[in-house]
Amino acid sequence: MNQTRAFLILAWLMVATLLWMEWGKEKSAPPAPPPSAVAPASSVPSAAALTAQPGVPGAPAAAVAAPATPVAGAAPATDEPVVITTDVFKVILRGGEVSEADLLRYPVGTEPGSPPMRLLAHDSTLYFVAQSGWVSQSGIAPTHEGGFRYAGDGRELKLADGAKDISVPFVWTGANGVTITRTYTFGRADYVIKVRDEVSNAGASPWQGYVYRQLSRVPRELARKGPFSPEQYSFQGAAWYSPTDKYEKRKFDKFSDGKLDKQVTGGWIAMLQHHFFAAWIPGDKDQGQFALEQLNAGGAPQYLIRDLGPGVNVAPGQKASTEARLWVGPKLVKAIEAQKVQGLDRAVDFSSYSIFATLANGLFWLLDKLHGLFGNWGWAIIGLVVLLKLALYPLSAAQYKSQAKMRKFQPRVAQLKERYGDDKQKFQMALMELYKKEKINPVGGCLPLLPSIIIFMTLYWMLAESVELRHAPWTLWIHDLTSRDPFFVLPLFNIAIMWATQKLTPMTGMDPTQQKMMQFMPLVFGAILAFLPAGLVLYQVANGGLGLLQQWITTKRYAEENAGGGGGKDKDKS
């Protein structure tokens with residue numbers, strides 16, 4: 001296999017991989033809910049029974065009824081909503097439900113006056129809510145659908161200037177003397193809502209109940225923004241983590257692929273989408289039961305992930321409490337790591353393949369450090385290219401040296417082709433003999449391409465998933481590094497760089513068919529890059545530009561040697 005053929009195989013492999021990614025996205029896209037499909041409240045199915053958790057003092061062996069599965073558009077039967085505004089989001093609470101959440105620092109678009117991103121919503125077509133309530137064998141318990149009543153002053157609250165946090169109280173009082181006080185706490189610059197339930201038993205009999213926390217939504221209808229739109233390819237579905245089985249996930253259209261019934265101590269549950277997610281994080285020592293449900297009410301697909309537990313047994317005159325955190329916001333790596341929750345960093349789903357996920361985490365760490373230095377993600381990407389070029393310099397130097405050496409012997413290869421004519425077998429034998437005699441590795445210039453292709457694919461996932469780069473500008477016409485170049489300037493630059501690189505690359509032993517394929521390669525890659533994120537194309541342009549410069553310097557350095565060997569006569573009679 002000569003160098004050119006190896007290069008062609010690697011190049012077309014890269015093209016095939018990108019096309020396969022697009023095909024896989026089309027095959028696995030979640031079904032879009034019809035806008036008019038809103039199920040009436042009467043269509044809520046009866047709840048399935050879930051077995052009570054073991055290990056709770058006095059826990060009954062009988063099953064405890066699970067909370068009713070919510071239905072898009074059906075408002076919970078509770079008092080008037082409470083609106084809370086902090087420096088990062090605007091949230092609407094309805095007792096046991098977080099019904100709406102606007103992310104104030106993340107506008108929908110880049111144009112001035114663009115509204116904030118609405119992650120949670122009770123609207124039927126954008127339905128995505130976080131809910132929590134209680135179930136009890138006695139049937140006396142508040143659910144997310146009703147029971148909790150607001151116990152504060154005023155229904156429009158705002159985090160005061162200089163205040164660290166703001167608390168919002170709700171109370172449920174049962175006929176059996178049991179009171180549950182729920183407190184939502186919102187912190188400054190914090191996408192975590194702390195939820196604390198305190199159970200007080202002023203009755204004459206013990207009370208046992210089980211807290212549940214769940215996320216329910218209909219899949220988002222994704223607007224098409226090109227065949228390689230990152231949002232189209234990003235994972236959409238449920239995810240969960242347990243200390244034993246680690247990180248697991250399931251796309252919406254795969255919910256029916258086996259029942260999820262997992263006893264977990266610690267862990268978390270989440271619903272993921274491009275750049276944003278919501279997650280319930282129970283206490284580290286809380287024991288829960290994870291479950292998935294799929295509801296097709298009125299023709300609208302609706303999906304739910306639930307954590308039931310922990311159970312509490314409260315004697316008369318006693319109190320018990322349970323706490324959890326609700327993350328509602330962007331996939332910010334540093335903020336997620338600050339939660340110190342095992343496995344929560346996997347919510348930033350760089351790739352389904354562990355090797356790419358590991359590499360992407362490392363590259364993002366380096367990119368983040370460079371961003372701290374330059375203050376701009378575009379220049380950080382260019383800085384990343386420079387560092388990678390330095391790290392891979394020994395490989396690229398060997399590549400360009402091999403190409404320069406191949407260039408030196410092009411006249412002798414031409415003589416061999418002329419000598420053997422159409423006898424390709426004898427020509428290949430003579431060519432291999434020449435390579436062996438002159439100690440030329442015909443694939444030496446191609447093997448260094450493998451790390452570049454792996455890094456390119458890793459960066460695709462990393463740049464597509466990193467919310468830090470969302471709407472991040474570079475310079476002039478690039479206002480969002482995670483969207484395609486609006487004027488296709490960078491893809492055109494890439495075509496020009498590939499064409500110039502081609503002119504410096506020897507075409508030793510290449511037949512006319514291969515020559516035509518090589519001529520079309522810049523156009524093929526240019527067409528593909530036209531639809532990829534601008535940040536990724538910027539990486540490719542910077543990488544190709546530095547590679548071209550290095551190859552030109554190497555070629556110039558060997559120019560005298562090449563000229564000296566170019567006129568030599570082939571005396572090999574084999």
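If you read the sequence from its start, that first residue is 1, and numbering goes on from there.
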Exercise. Output every pair passing side chain to side chain donor-acceptor pair (under 3.5 Å) with a member in residues 101-111, not counting sequence neighbours, ordered by first then second residue.
Key: Asp87-Arg105, Asp102-Arg118
Exercise. Please determine if Arg196 and Glu323 form a salt bridge, counting it only when a charged side-chain N lies under 4.0 Å from a carboxylate O.
Key: yes
Quiz prompt | Residues His122, Glu97; criterion side-chain hydrogen bond (donor to acceptor under 3.5 Å, both in side chains); working and verdict | solution = CA-CA 10 Å; His122 208 87; Glu97 178 179 277; 2.9 Å; yes
Quiz prompt | Mutual orientation of the aromatic rings belonging to Tyr150 and Phe170 [parallel < 30°, tilted 30-60°, perpendicular > 60°] | solution = tilted
Exercise. With the side chain counted from C-beta on, respond yes when Pro301 and Phe252 share a heavy-atom pair under 4.5 Å apart, and no when they do not.
Key: no
Quiz prompt | Identified side chain to side chain contact (heavy atoms under 4.5 Å, CB included) partner of Leu459 from the options Ile454, Leu384, Ile381 | solution = Leu384
Quiz item: Distance from Asp307 atom CG to Phe290 atom CZ, nearest 0.5 Å?
Solution: 5.0 Å
Practice problem: Could you verify whether a donor N or O on one side chain and an acceptor N or O on the other, from Ser136 and Gln208, lie under 3.5 Å apart? | Solution: no
Quiz item: Asn201 side chain to Val314 main-chain N or O, any donor-acceptor pair under 3.5 Å?
Solution: yes
Quiz item: When rounded to the nearest 0.5 angstrom, what distance separates CD1 in Ile305 from CZ in Arg217?
Solution: 13.0 Å
Quiz item: Listed by chain and number, what are the side-chain hydrogen bond (donor to acceptor under 3.5 Å, both in side chains) partners of Glu468, not counting sequence neighbours?
Solution: none
Quiz item: With under 30° as parallel and over 60° as perpendicular, where do the rings of Tyr191 and Trp327 fit, or are they tilted in between?
Solution: tilted
Quiz prompt | Side-chain heavy atoms of Phe276 within contact of Arg470, under 4.5 Å | solution = yes
Quiz item: What residues form a side-chain contact (heavy atoms from CB on, under 4.5 Å) with Ile166, not counting sequence neighbours?
Solution: Ile84, Leu157, Leu159, Phe186
Exercise. Could you pull out all residues at least two apart from Ser466 that satisfy side-chain hydrogen bond (donor to acceptor under 3.5 Å, both in side chains)?
Key: none
Quiz item: Does Arg182 count as lying over the ring of Phe148, i.e. NZ or CZ under 6.0 Å from the six-ring centre, within 45 degrees of the axis?
Solution: yes
Quiz item: With sequence neighbours left out, which residue pairs that include part of residues 366-375 fulfil the salt bridge (charged side-chain N to carboxylate O under 4.0 Å, His left out) condition?
Solution: Lys334-Asp368
Quiz item: Has Asp284 got more than 12 heavy atoms of other residues, nucleotides or ligands less than 6.0 Å from its CG?
Solution: no
Quiz prompt | Chi angles and distances behind the side-chain hydrogen bond (donor to acceptor under 3.5 Å, both in side chains) call for Asp261, Gln289 | solution = CA-CA 7 Å; Asp261 187 2; Gln289 182 174 357; 2.4 Å; yes
Exercise. Given side-chain contact (heavy atoms from CB on, under 4.5 Å), test Leu120 with Val328 step by step and report yes or no.
Key: CA-CA 8 Å; Leu120 300 185; Val328 182; 3.9 Å; yes
Quiz item: Where does the angle between the aromatic ring planes of Phe456 and Tyr539 fall among parallel (under 30°), tilted (30 to 60°) and perpendicular (over 60°)?
Solution: tilted
Quiz item: Does the cation-pi check pass for Lys194 over Tyr184, that is, NZ or CZ under 6.0 Å from the six-membered ring centre and within 45° of its axis?
Solution: no
Quiz item: Taking only residues two or more places apart in sequence, or in another chain, which ones meet Thr179 in a side-chain hydrogen bond (donor to acceptor under 3.5 Å, both in side chains)?
Solution: none
Quiz item: So do Pro243 and Val264 actually touch side chain to side chain, heavy atoms under 4.5 Å?
Solution: yes
Practice problem: Hey, could you give me the CG/CZ distance between Asn361 and Arg346, rounded to the nearest 0.5 Å? | Solution: 8.0 Å
Quiz item: Should the heavy atoms of other residues, nucleotides or ligands under 6.0 Å from CG of Asp257 be counted, would the total exceed 12?
Solution: yes
Practice problem: Please name all residues satisfying side-chain hydrogen bond (donor to acceptor under 3.5 Å, both in side chains) with Tyr241, sequence neighbours left out, ordered by chain then number. | Solution: Gln342
Quiz item: Who passes ring-ring contact (aromatic ring centres under 6.0 Å, His included) against Trp134, sequence neighbours left out?
Solution: Trp207
Exercise. Kindly determine whether Tyr247 and Trp240 satisfy side-chain contact (heavy atoms from CB on, under 4.5 Å), including the steps that lead there.
Key: CA-CA 6 Å; Tyr247 176 71; Trp240 59 94; over 6 Å; no
Quiz item: Atom CG of Leu532 and atom OG of Ser483: how far apart are they, to the nearest 0.5 Å?
Solution: 12.0 Å
Exercise. Apply the test side-chain contact (heavy atoms from CB on, under 4.5 Å) to residues Thr85 and Leu104: give CA-CA distance (whole Å), side-chain angles for both, the deciding distance (0.1 Å), then the verdict.
Key: CA-CA 9 Å; Thr85 304; Leu104 302 181; 4.2 Å; yes
Quiz prompt | Heavy-atom side-chain proximity of Glu465 to His274 below 4.5 angstrom | solution = yes
Exercise. For residues Gln273 and Phe128, determine if any side-chain heavy atom of one lies less than 4.5 Å from a side-chain heavy atom of the other.
Key: yes
Quiz prompt | Pairwise distance CZ(Arg306) to OG(Ser216) - rounded to 0.5 angstrom | solution = 9.0 Å
Quiz item: Quick one: are Lys262 and Asp245 in side-chain contact, heavy atoms under 4.5 Å?
Solution: yes
Exercise. Decide yes or no for Arg325 and Val341: does some side-chain heavy atom of the first lie under 4.5 Å from some side-chain heavy atom of the second?
Key: yes
Exercise. Return the set of residues passing side-chain contact (heavy atoms from CB on, under 4.5 Å) with Pro206 (not counting sequence neighbours), or none when no residue passes.
Key: Asn313, Pro316
Quiz prompt | Qualifying salt bridge (charged side-chain N to carboxylate O under 4.0 Å, His left out) pairs, either residue in residues 355-367, two or more places apart | solution = none
Practice problem: Could you go through the salt bridge (Lys or Arg N to Asp or Glu O under 4.0 Å) check for Asp349 and Lys249 one step at a time? | Solution: CA-CA 10 Å; Asp349 200 357; Lys249 62 183 180 179; 2.5 Å; yes
Exercise. Answer yes or no: are there more than 12 heavy-atom neighbours, outside Lys158 itself, under 6.0 Å from its atom NZ?
Key: no
Self-check item: Worked verdict on Arg213 versus Gln131 for side-chain hydrogen bond (donor to acceptor under 3.5 Å, both in side chains)
Solution: CA-CA 6 Å; Arg213 305 175 181 103; Gln131 299 161 324; over 6 Å; no
Self-check item: Heavy-atom side-chain contact between Phe255 and Leu292 under 4.5 Å
Solution: yes
Self-check item: Contacts of Lys319 that satisfy side-chain contact (heavy atoms from CB on, under 4.5 Å) - sequence neighbours left out
Solution: Glu198, Ser200
Quiz item: Does the gap between the ring centers of Tyr212 and His144 come in under 6.0 Å?
Solution: yes
Quiz item: Mind checking what makes side-chain contact (heavy atoms from CB on, under 4.5 Å) contact with Ile478, not counting sequence neighbours?
Solution: Trp474, Leu481, Asp485, Pro486, Leu490, Ala534
Self-check item: Spacing of CZ belonging to Phe89 relative to CD belonging to Glu100, to within rounding of 0.5 Å
Solution: 13.0 Å
